[in-house]
Each structure stands twice: as structure tokens, then as C-alpha cells.
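Heads up, the thing below is written out as C-alpha cells.
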Amino acid sequence: MTVDPWGQPHGGAPIPQEPASPVRPFTVTGGRTTPRMQLAIEALVSSATTAHFDLSGRPPEYRAISSLCRQVRSVAEVSALLRIPLGVVRVVIADMAAEGLVQVHQPQLDAGKPDVTLLERVLSGLRRL
């Protein structure tokens with residue numbers, strides 16, 4: 001018994017690995033390599049659409065990301081689970097966020113930043129030792 005990419009048991013022959021096409025990622029993003037918004041790889045993504053929302057007119061990547069993100073996932077996790085290059089996933093998720101199809105929860109980059117005066121006092125105390 002083998003295991004599929006999502007960790008589910010799969011009976012029979014191993015799942016064939018399709019070679020990555022050098023054209024496909026370029027096609028998916030329309031040739032763009034940078035997302036429309038800053039998107040950290042650890043940013044959390046959740047689907048903003050309901051289960052019965054019709055995405056049939058959207059690219060298959062949109063449908064896959066929307067379905068996968070019914071549970072909150074990081075951008076890196078979406079890339080790994082869908083086997084799509086990280087740069088492509090970042091562009092697609094940014095596009096989807098602009099259209100209101102997903103919600104992106106960016107990490108607070110300034111949160112937890114140490115106070116400079118506190119660091120200077122600690123350094124001064126260490127030097128006195």
C-alpha cells in the first residue's frame with residue numbers, strides 16, 4: 001500500500017509523478033512573478049467562499065486553493081499540498097484575495113519587536129559583568 005501526497009492510503013501501484021511543465025506556472029500567473037500584495041509564506045489563508053459557491057468559470061488552481069483553504073492554511077502549506085511552486089501560489093492567492101475569494105491573515109511583523117532601550121540596558125548590564 002502506498003500513500004498519496006496528502007498522506008492518505010492508496011492501494012495498488014504507486015502514484016505516477018508527472019514531470020513539472022516549464023510552461024504551466026507561467027501560464028497560470030499570466031507571466032507575472034510577483035504578487036500584487038506583499039504575501040509572507042507564513043501568512044494564513046482561508047476561503048471566503050461557501051461550499052456551494054460556483055467557481056466553475058475560474059482556473060482549476062482557484063478551485064483547488066478555495067477548497068483546500070476551507071481549513072486555514074499557510075501559503076507554504078498550500079504550495080506543498082497542491083504541488084504548485086511557491087511563487088505561483090503567492091501570485092494566485094494575491095489575485096484571489098483581490099477578488100475577495102480568500103482572506104489572507106498576514107503575520108504582525110512589528111509585533112514582538114524588542115524595545116531598543118531595553119536592549120541597550122541589557123547590553124550595558126552585560127558589559128558591567
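This is a predicted model, so every value here is computed, not measured.
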Flag, side chain of S46 to backbone of C69, donor-acceptor distance under 3.5 Å: no

Shortest non-hydrogen contact between V104 and A97, atoms and distance: CG2-CB, 3.9 Å

Residue pair A48 / G100: nearest heavy atoms and the distance that separates them: CB-O, 3.4 Å

Point-to-point distance, once rounded to the nearest 0.5 Å, from CD of E77 to CG of L82: 10.0 Å

Greater than 12 external heavy atoms within 6.0 Å of E99's CD: yes

From CZ (R58) to CG (D95), nearest 0.5 Å: 10.5 Å

Cluster overlap Y62 with V91, hydrophobic side-chain contacts below 4.5 Å: no

Point-to-point distance, once rounded to the nearest 0.5 Å, from OG of S47 to CD of Q103: 8.5 Å

hydrophobic_cluster_shared for L86 and M37, side chain cutoff 4.5 Å: yes

Point-to-point distance, once rounded to the nearest 0.5 Å, from OG of S66 to CE of M96: 5.0 Å

Joint hydrophobic cluster, L81 plus V92, side-chain heavy atoms closer than 4.5 Å: yes

Residue pair R90 / I41, side-chain heavy-atom distance below 4.5 Å: yes

Donor-acceptor pair, side chain of R73 and main chain of L68, under 3.5 angstrom: yes

